[in-house]
Novice: 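Handing you a structure now.
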Amino acid sequence: MKLEHSNLMKYSFVLRMEKLGFDFYNRPDVLKIARELLGKILTTNFDGRITSGRIVETEAYAGIRDRASHAYGGRRTARTSIMYESGGTAYVYFCYGIHHLFNVVTDKKEIPHAVLIRALEPIDGIDIMLARTNKKILDNTITRGPGNVSKALGIVTSHTGTSLLGNEIFIAKDEFSLKKKDIVTSPRIGVDYAGEDAKLHYRFSIKDNPYVSGKRN
DNA sequence: CGACCGATCGTCT
DNA sequence: GACGATCGGTCGA
């Protein structure tokens, strides 16, 4: 696939950045937080290797009442216990034997809400991302889908439990903002096992952004 | 395009 | 022992 650079990079500029703090994450409405995370900048800095991208797709997982959530019914295992930490913690788990999926834990301690980061538009460290993903040229698959996001940013399951208030993995806001009409909601991907909850519009994405996963926005 | 399929392994039952 | 909060490739219309 060949794309014009200008078409591929719609939101790759950065204005004044400010790291999101404890108060952003420790709020009860996970749907609101998932929506607000659109347009924010996710950065990883592992040994000075900095990669970042603007978040263009998220999914909310609403704790013990949500059949699609790993914490449904209050389920608490060695893996999912991280979800019960306070907001602003990374929950990373291994999926399908291949992918490391990155989630942001939200709400106060003991309330296991989380937001899955599903897609980014790359900003910094594109050369590093290309190396990590074994790609030669930049296209819109490099950070499209949650498995690819983690691969490009170097996030693996050992990062589960990392505080997002630190300097290794964090999310920042800048002066970028979205209008309501720029945000699309839809059912979550790959949660057919969740019965009625699979139909909920808990997925949020930026309209027409080429990095959003799935078929057509 | 859409449907299908194989890869691959940690986690939980 | 079964099953994924996935991805990328292939095949056929």
Side-chain angles (χ1 to χ4, degrees), chain A residues 1-3 30-31 33-35 37-38 42 53 55-85 89-107 111-122 129-162 169 184-205 208 210-217:
Chain A
M1 176 180 293
K2 192 169 184 182
L3 290 168
V30 68
L31 296 174
I33 295 172
R35 183 185 284 269
L37 281 172
L38 293 178
L42 172 63
I55 297 169
V56 300
E57 181 183 356
T58 62
E59 279 178 2
Y61 287 84
I64 64 173
R65 67 170 174 80
D66 179 0
R67 289 190 111 82
S69 169
H70 292 163
Y72 176 64
R75 210 157 65 99
R76 189 168 187 153
T77 66
R79 180 182 64 154
T80 63
S81 63
I82 296 297
M83 298 182 79
Y84 293 79
E85 290 298 319
T89 302
Y91 170 50
V92 187
Y93 71 95
F94 194 60
C95 186
Y96 293 108
I98 299 178
H99 306 291
H100 302 255
L101 304 200
F102 171 71
N103 297 253
V104 175
V105 174
T106 69
D107 209 341
I111 307 295
H113 290 175
V115 177
L116 174 65
I117 305 302
R118 291 192 55 91
L120 306 176
E121 176 165 322
M129 296 190 201
L130 290 169
R132 285 176 177 149
T133 55
N134 302 313
K135 289 180 188 292
K136 293 177 188 66
I137 55 158
L138 176 65
D139 65 23
N140 61 17
T141 65
I142 194 165
T143 46
R144 181 184 193 191
N148 291 333
V149 167
S150 294
K151 196 170 182 185
L153 294 205
I155 298 171
V156 293
T157 52
S158 60
H159 293 119
T160 198
T162 299
I169 308 173
V184 178
T185 71
S186 57
R188 292 169 291 186
I189 305 290
V191 297
D192 295 344
Y193 59 86
E196 285 296 303
D197 288 350
K199 299 175 184 168
L200 297 168
H201 280 226
Y202 280 9
R203 175 170 175 244
F204 302 89
S205 59
D208 297 329
Y211 290 89
V212 173
S213 70
K215 46 186 174 183
R216 296 273 153 249
N217 292 339

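Chain A is the first sequence line, chain B the second, and so forth, proteins listed ahead of strands; every chain is numbered from 1.
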Novice: Tell me the interatomic distance from Ile142(A), atom CD1, to dC7(C), atom C1', rounded to whole angstroms.
Specialist: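 Rounding to the nearest Å, CD1 of Ile142(A) and C1' of dC7(C) are 15 Å apart.
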Novice: Rounded off to whole Å, could you give me the CD1-to-P distance for the Ile82(A) and dT11(B) pair?
Specialist: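 Those two atoms, CD1 and P, are 12 Å apart.
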Novice: Please give me every residue in residues 55-64 of chain A whose heavy atoms get under 4.0 Å of an atom in DNA chain C, ordered by residue number.
Specialist: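 Only Tyr61(A) qualify.
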Novice: Starting from C1' on dC5(B), measure out to OH on Tyr96(A) and report it in whole angstrom.
Specialist: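 After rounding, the reported distance stands at 13 Å.
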Novice: Could you walk me through whether Lys135(A) and Thr141(A) pass the side chain to side chain donor-acceptor pair (under 3.5 Å) check?
Specialist: CA-CA 10 Å; Lys135(A) 289 180 188 292; Thr141(A) 65; 3.0 Å; yes
Novice: Whenever both distances are under 3.5 Å in a Watson-Crick or G-U wobble pair, mark it; put DNA chain B into dot-bracket that way, with [ ] for crossing pairs and | when the partner is on another strand.
Specialist: |||||||.||||.
Novice: Should the pair Glu59(A)-Arg188(A) be classified as a salt bridge under the 4.0 Å nitrogen-to-oxygen rule?
Specialist: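 Salt bridge: no.
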Novice: Could you check how far CG of Asn134(A) sits from P of dC7(C), rounded to whole Å?
Specialist: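 Those two atoms, CG and P, are 16 Å apart.
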Novice: State whether Tyr72(A) and Arg65(A) meet the cation-pi test: NZ (Lys) or CZ (Arg) under 6.0 Å from the six-membered ring centroid, and within 45° of the perpendicular axis.
Specialist: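 The answer is no; the distance or angle limit is not met.
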Novice: Any donor and acceptor pair, going by atom type alone, linking the side chain of Arg35(A) with main-chain N or O of Val30(A) inside 3.5 Å?
Specialist: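 Side chain of Arg35(A) to backbone of Val30(A): no pair is present.
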Novice: Are the side chain of Ser213(A) and the backbone N or O of Gly145(A) linked by a donor-acceptor pair below 3.5 Å?
Specialist: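 Flag not set: sc Ser213(A) to bb Gly145(A) has no pair under 3.5 Å.
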Novice: Rounded to whole angstrom units, what separation is found between the CG atom of Leu101(A) and the P atom of dC3(C)?
Specialist: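 Going from CG in Leu101(A) over to P in dC3(C) covers 19 Å.
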Novice: Can you tell which of dG10(B), dG8(C), dT6(C) lies closest to the side chain of Phe94(A)?
Specialist: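 Nucleotide nearest to Phe94(A)'s side chain: dG10(B).
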Novice: Looking at Asn103(A) and Val92(A), would you say the former's side chain and the latter's main chain have a donor-acceptor pair under 3.5 Å?
Specialist: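 Flag not set: sc Asn103(A) to bb Val92(A) has no pair under 3.5 Å.
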Novice: Just call it for Arg188(A): base, sugar-phosphate, or nothing, with non-hydrogen atoms closer than 4.0 Å on any strand.
Specialist: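 Nothing, no heavy atom under 4.0 Å.
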Novice: For Val191(A) and for Lys135(A), find the nucleotide of DNA chain C with the closest heavy atom, then tell me which residue's nucleotide is more 5'.
Specialist: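 First, find each residue's nearest nucleotide; the 5'-ward one identifies Val191(A).
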Novice: Within the pair Arg144(A) and dC7(C), is there a side-chain N or O less than 4.0 Å away from OP1 or OP2?
Specialist: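 No, no such contact exists.
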Novice: Can you measure His99(A) atom NE2 to dC3(C) atom P for me and round it to whole angstrom units?
Specialist: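 Checked: the NE2 to P distance equals 19 Å.
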Novice: Is Ser150(A) reaching over with its side chain to a backbone N or O of Gly147(A), donor-acceptor style, under 3.5 angstrom?
Specialist: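 No; judged by distance alone, with no hydrogens or angles, the pair does not exist.
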Novice: If you find the nucleotide of DNA chain B closest to Ile98(A) and the one closest to Thr157(A), which residue's nucleotide is nearer the 5' end?
Specialist: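 On the 5' side of the pair lies Ile98(A).
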Novice: If you check the Asn148(A) side chain, which of dC7(C), dT13(B), dA5(C) turns out closest?
Specialist: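 For Asn148(A), the side-chain atoms sit closest to dC7(C).
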Novice: Does the side chain of Ser186(A) pick up a donor-acceptor pair with the side chain of Arg203(A) at under 3.5 Å?
Specialist: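 Note: Ser186(A) and Arg203(A) side chains meet the donor-acceptor criterion.
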Novice: With a cut-off of less than 4.0 Å, is there a side-chain N or O of Tyr193(A) near OP1 or OP2 of dA5(C)?
Specialist: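 For dA5(C), OP1/OP2 do have a side-chain N/O of Tyr193(A) under 4.0 Å.
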Novice: Could you tell me how far apart Met83(A) (CE) and dT11(B) (P) are, to the nearest whole angstrom?
Specialist: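 So the CE-P distance, Met83(A) to dT11(B), works out to 15 Å.
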Novice: Describe the nucleic acid contact of Leu116(A) in one word from base, sugar-phosphate, nothing, applying a heavy-atom distance below 4.0 Å.
Specialist: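 It contacts base atoms.
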Novice: Using a 4.0 Å heavy-atom cut-off across all strands, classify Arg76(A) as base, sugar-phosphate, or nothing.
Specialist: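 Nothing: the residue Arg76(A), judged by heavy atoms under 4.0 Å, touches no strand.
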Novice: Can a salt bridge be assigned to the pair Asp192(A) and Lys199(A) using a cut-off of 4.0 Å between side-chain N and carboxylate O?
Specialist: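 No.
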Novice: Would you mind reading off the distance between Asp139(A) atom CG and dG8(C) atom P, rounded to a whole angstrom?
Specialist: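 These atoms are roughly 9 Å apart.
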Novice: Does the gap between the ring centers of Tyr93(A) and His70(A) come in under 6.0 Å?
Specialist: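 Between Tyr93(A) and His70(A), the centre distance is under 6.0 Å.
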